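What you see is a predicted model, and the numbers here were worked out from it, not measured in a lab.
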Amino acid sequence: MLAKFPSLFDGDVMNAETKSKWADAVYQAIVTMASQANIEADLPRPVVLTPPKPELGDIAIAMFAYSKAFHKAPAALASAVREALMADPSSPKGEILIEGGYLNVRLGLADLAMQLFTQARTEGFGHTSSLKGRRIMVEFSCPNTNKPLHLGHMRNDSIGSCVARLLKACGADVRKVNLINNRGVHICKSMLAYQKFSKGEDPASSGIKGDHLVGEYYVKFANWAKEDPTAEAQAQEMLEKWEAGDPETIALWTRMNGWTLDGLEESYKAMGISFDKYYYESNTYKLGKDKILEGLAKGVFTREEDGSVQVDLAPIKLDKKVLLRRDGTSLYITQDIGTAIARHEDWPFDTLIYVVASEQIYHFKVLFYILGLLGFDWAKSLYHLAYGMVYLPDGRMKSREGTVVDADELLRQLTEMALEEIRKKDREGELDDAARTAHYVALGAINYYLLQVNPMRDMTFNPAESLSFTGNSGPYLQYMGARLSSILKRYEGSLDGFDPSLLTLDDERSIIKALASYPDVLDKSAESYDPSLLCTYVFELSKVFSHWYHDTQILKAETAELSKARVGLCLMLLETFKSAYEIIGIPFLEEM
RNA sequence: GCGCUCGUAGCUCAGUUGGAUAGAGCAACGGCCUUCGAAGCCGUGUGUCGAAGGUUCGACUCCUUCCGGGCGCACCA
C-alpha cells in the first residue's frame with residue numbers, strides 16, 4: 001500500500017544531521033569537479049529538501065544552481081556527482097537516484113530506527129539542548145482585576161504556556177511570570193459600582209465566582225455611566241483617594257482584588273496554567289517613576305514647560321512620548337519600565353519574552369527603546385511575541401457590549417460536550433472518571449485549537465463549528481495516544497531483540513523519518529516561538545500513524561519478529577506523542 | 001496621513017531560509033466495524049495562491065506599486 005501523503009513532511013523532516021551530511025558530501029564533489037574543470041564561480045551550498053513522493057527517495061538535492069557554472073544540464077550534473085560519490089568510499093551510505101534535476105537519496109533507516117528506539121526508552125526523551133544554559137523569562141496572561149478571563153486571554157495563556165514549555169524542552173532555564181494589572185481608574189470603576197449598588201454581597205454569599213462578581217459591577221458601572229455624566233469623574237476621584245492611601249478605599253480595593261484573584265486562580269488551575277512569579281502593578285509603578293526621574297537627571301529625558309517628562313523618539317522615527325504626567329503621576333509605560341527593571345534585578349535573564357497582543361507593538365517598541373536609553377544593555381534582549389486578535393463571526397469581542405466569550409463558560413460547555421460524546425460512544429463505564437476525562441478532552445481541544453494557528457495571524461472563533469472533536473483537533477490527537485497505549489498494553493512479548501530492519505512499508509519508513517525529525521521541529525518551533533509548527537507536525541504524524549494502523553496488522557503480524565518490530569515502532573510513536581502533547585497542552589489519556 | 005500586519009478551496013487554516021503536479025481539516029455526497037479502540041480509515045475539489053509588474057533556470061514564497069481587511073500612531077491600559 002502506497003502512502004498517499006505527498007504533503008506529509010514535505011518539510012524539514014529528515015533530521016538535520018543526515019541532511020547536512022549529504023549536503024557536505026555533494027558540495028565537496030561539486031567543488032572538486034569545479035576545480036578539475038577550472039571553473040571559477042561562487043558555488044552555493046546545495047539546497048536539501050524532501051522529495052514529494054516516498055518512491056522518489058528520502059532526501060533530494062537540487063542541482064539547478066550549478067547548471068550555469070558547469071554549462072551542463074542539472075540531470076547530467078547529478079549523474080556526475082553520483083559517479084564521484086560512488087567512487088569515494090567515505091561517502092555517506094544510501095542509494096542514489098537521479099530524478100529530473102535532482103539527486104535523490106534513498107536511505108537505509110534501520111540504524112536510525114534503532115537509535116530512536118533506544119532513545120525513546122530513556123529518560124528525557126524528546127528534549128534537545130539547543131538552548132541549554134539560557135535563562136529565559138516569559139511573561140503572559142496579565143489580567144486586569146476587574147473582570148474574568150475571556151477567549152482572548154485563553155489564546156494568550158495557551159501561547160505563553162506552550163512557548164515556555166517549548167523553551168524548556170530545548171534546555172532553557174525558564175521562568176514564567178504574570179503581571180497583575182490591579183491599579184488604575186478602570187479598577188476603581190467596579191469598586192465604585194459595588195459601593196453604590198451592592199448590598200454587601202460577596203462571592204460566598206452570592207454564590208458567584210469572585211472574578212465574575214467583580215465583573216458584574218464593572219458592567220454595572222458602564223450602564224450607570226450612560227445615565228449619569230458624573231460617573232467618570234467620581235471614578236477618577238476614587239483613584240486619587242486610592243493613590244493617597246485612603247484607608248476605606250484601600251480596604252475595598254484589597255477585598256475586591258482578592259475576590260478576583262481567587263477567581264482567576266481557580267480558572268488557571270482548571271486550565272492547567274501556572275506561574276513561577278506574580279508581579280503587581282501596584283508594586284512596580286513607583287520604581288518606574290524613580291527610574292524616569294533618574295533618566296531626567298542624566299539628561300536622557302526632558303521636562304517640558306507644562307511639567308511633564310517626555311522622551312524624544314525621533315531616532316526611531318516616532319514622535320515624543322510622555323513618561324510622567326504634568327501632575328507627576330505615572331502611566332502604563334511608566335509601570336512597564338519599573339516592572340522590567342524589577343524583573344531583571346530579581347532574575348537576570350538572557351531573554352525576556354512578552355506575550356502580548358499585536359495591538360501593542362508600538363508600545364513595546366517604545367518601551368524597549370527607552371530601557372536602552374536608560375543604559376540597560378539587556379534592553380536588546382527583550383522580545384515582544386505579538387499575536388493576533390481572536391474574532392467572533394460577527395466581529396471583535398467587546399467587554400462592554402457583552403460579546404465576549406467567557407473562558408470559564410467555554411471550558412464548561414466543551415467539557416459537557418465531551419462528556420456527551422463519551423456517553424454516546426458508551427465509554428462511560430470503561431473510564432475511571434468520565435468527568436475528569438471529559439475535562440481533559442475539552443482542555444486538549446481548546447489548547448490545540450488556539451495553538452494550531454500561526455500566532456501572528458488574526459483568527460476567527462466560530463463557537464458552533466470551530467471546536468469539533470474530529471479531524472484536525474485535540475481529541476483526534478488524544479485518540480491516537482489512547483490507541484497506541486491500548487496496543488502496548490495488549491502486547492505480551494518483550495521488546496528485546498527489536499529488529500528495525502523489518503520495518504519496510506512506506507508508512508513505516510515515513511514514520512521513522514518523521515520521528516527522527518522531532519528534535520528539529522522542537523528547535524525550530526522554539527526558535528521562532530511558534531507552537532503551530534509543532535501542532536502541524538503532530539497532526540501529520542498522527543495521520544500517517546492512523547493510516548498505517550488501519551492497514552497493518554500490528555499484534556498479529558505474519559511473524560512474531562515483525563509484531564515486535566511494529567510494537568517497537570508504536571512505542572517510539574507513543575513517546576513522541578506524549579512529549580509533544582505535553583508541550584502543546586494536550587493532556588495525554590491512556591483511555592478516553 | 002504615517003507605521004505594523006494579514007490576504008491560499010464555501011468555511012477554518014498549513015505550505016520546508018525560492019524548487020519536482022498548490023495541501024489538510026470542517027461542511028456535502030458515497031463506501032468500510034464477526035480482525036489490535038469507527039473521536040478512525042478510504043473515495044469524490046475547474047483554487048485568477050488579493051491584482052499588476054519585476055528579479056530568477058524556477059516565485060504562494062523575494063522586490064516594487066496598487067487594492068482589500070485588521071491593529072496602532074493618548075498626559076487610557
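Proximity note for A/Y391 (side chain, C-beta onward) versus B/A39, B/G70, B/A14: the nearest is B/G70. Which of B/G25, B/A20, B/C4 sits closest to the side chain of A/P51 comes down to B/A20. When distances are taken from the side chain of A/K524 to each of B/C76, B/U17, B/C4, the shortest belongs to B/U17. Closest to the A/H547 side chain, of the nucleotides B/A77, B/A20, B/C41, is B/C41. Side-chain proximity of A/S468 to the nucleotides B/C26, B/A77, B/C4 is greatest for B/C26.
Salt-bridge annotation for A/K564 and A/E561: absent, with no side-chain N of the basic residue lying under 4.0 Å from a carboxylate O of the acidic one. By the 4.0 Å N-to-carboxylate-O rule, A/K424 lies close enough to A/E421 to be salt-bridged with it. Under 4.0 Å is where a charged nitrogen must lie from a carboxylate oxygen, and between A/K513 and A/D58 at least one such pair does. A salt bridge does not link A/R183 to A/E281: none of the charged nitrogens lies less than 4.0 Å from a carboxylate oxygen.
Searching all strands for a Watson-Crick or G-U wobble partner of B/G10 with both distances below 3.5 Å returns B/C26. Pair assignment for B/C66 gives B/G50, based on Watson-Crick or G-U wobble hydrogen-bonding distances that are each under 3.5 Å. In a base pair of the Watson-Crick type (N1 to N3 plus N6-O4 or O6-N4) or a G-U wobble (N1-O2 and O6-N3), with each distance short of 3.5 Å, B/U34 is matched with no nucleotide. B/A20 is unpaired under the criterion used here, namely a Watson-Crick or G-U wobble arrangement in which both key atom distances are under 3.5 Å. Figure legend. B/A74 is base-paired to no nucleotide; pairs are counted as Watson-Crick or G-U wobble with both atom distances under 3.5 Å.
Remark: A/R483 is in phosphate contact with B/A38, judged by side-chain N or O atoms under 4.0 Å from OP1 or OP2. Distances shown here put a side-chain N or O of A/Y476 below 4.0 Å from the OP1 or OP2 atom of B/C41. Using a 4.0 Å cut-off, some side-chain N or O of A/T470 falls inside it from OP1 or OP2 of B/C26. Considering only side-chain N and O atoms, A/K556 lies nowhere under 4.0 angstrom from the phosphate OP1 or OP2 of B/U35. An OP1 or OP2 oxygen of B/C41 is reached within less than 4.0 angstrom by a side-chain nitrogen or oxygen of A/S546.
Nucleic acid contact class of A/F539 (heavy atoms, under 4.0 Å, all strands): sugar-phosphate only. Contacts of A/I554 with the nucleic acid, taken as non-hydrogen atoms under 4.0 Å apart, include base atoms. Looking at heavy-atom distances under 4.0 Å, A/Q478 makes no contact with the nucleic acid at all. Within the 4.0 angstrom heavy-atom criterion, base atoms lie near A/E590. Using a 4.0 Å heavy-atom cutoff across all strands shown, A/Y332 reaches at least one base atom of the nucleic acid. Among the atoms of the strands shown, base atoms are found under 4.0 Å from some heavy atom of A/A60.
The gap from the C1' atom of B/C49 to that of B/G23 amounts to 12 Å, rounded to the nearest Å. Using C1' as the reference atom, B/G15 and B/U8 are 9 Å apart when rounded to the nearest Å. When the P atom is compared between B/C62 and B/C73, the two are found 28 Å apart, to the nearest whole Å. Rounded to whole Å, the P atom of B/A51 lies 15 Å from the corresponding atom of B/A59. Across the C1' atoms, B/G72 and B/G40 are found 46 Å apart, a figure rounded to whole Å. Rounded to whole Å, the separation between the P atoms of B/G30 and B/U48 comes to 28 Å. Taking atom C1' in both B/U21 and B/U46, one finds a spacing of 15 Å when rounded to whole Å.
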Set out, line by line, the N/O atom pairs under 3.5 Å between protein and nucleotides 57-60 of chain B.
from	atom 1	to	atom 2	distance (Å)
B/C57	OP1	A/K68	NZ	2.6

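Between the base of B/A20 and the side chain of A/N104 there is a donor-acceptor pair shorter than 3.5 Å.
From A/F70, atom CZ reaches atom CE of A/M63 across 8.0 Å, with rounding to the nearest 0.5 Å. Rounded to the nearest 0.5 Å, atoms CD1 (A/I187) and OG (A/S282) are 10.0 Å apart.
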For a salt bridge (Lys or Arg N to Asp or Glu O under 4.0 Å) check, start with the C-alpha distance between A/K524 and A/D530, then their side-chain angles and the critical distance, and finish with the verdict.
CA-CA 8 Å; A/K524 203 164 169 186; A/D530 185 355; over 6 Å; no
Show your working on salt bridge (Lys or Arg N to Asp or Glu O under 4.0 Å) between A/K320 and A/E304 and close with a plain yes or no.
CA-CA 11 Å; A/K320 287 190 162 187; A/E304 302 295 303; 3.5 Å; yes
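The side-chain hydrogen bond (donor to acceptor under 3.5 Å, both in side chains) search around A/S542 returns none, not counting sequence neighbours.
Taking the side chain as every heavy atom from C-beta outward, A/L103 and A/S79 never approach each other to under 4.5 Å.
Listed for the A/N447 side chain is no donor-acceptor partner under 3.5 Å among the backbone atoms of A/I586.
A/R155 forms no cation-pi arrangement with A/Y387, by the criterion of a distance under 6.0 Å to the ring centre and an angle within 45° of the ring axis.
Remark: A/V453, A/N454, A/M456, A/R457, A/D458, A/M459, A/T460 in residues 449-462 of chain A come within less than 4.0 Å of RNA chain B through at least one heavy atom.
Mapping A/K365 and A/E304 onto RNA chain B by nearest heavy atom places A/K365 at the nucleotide closer to the 5' end. Closest-nucleotide positions on RNA chain B for A/V47 and A/I422 were compared, and the one nearer the 5' end corresponds to A/V47.
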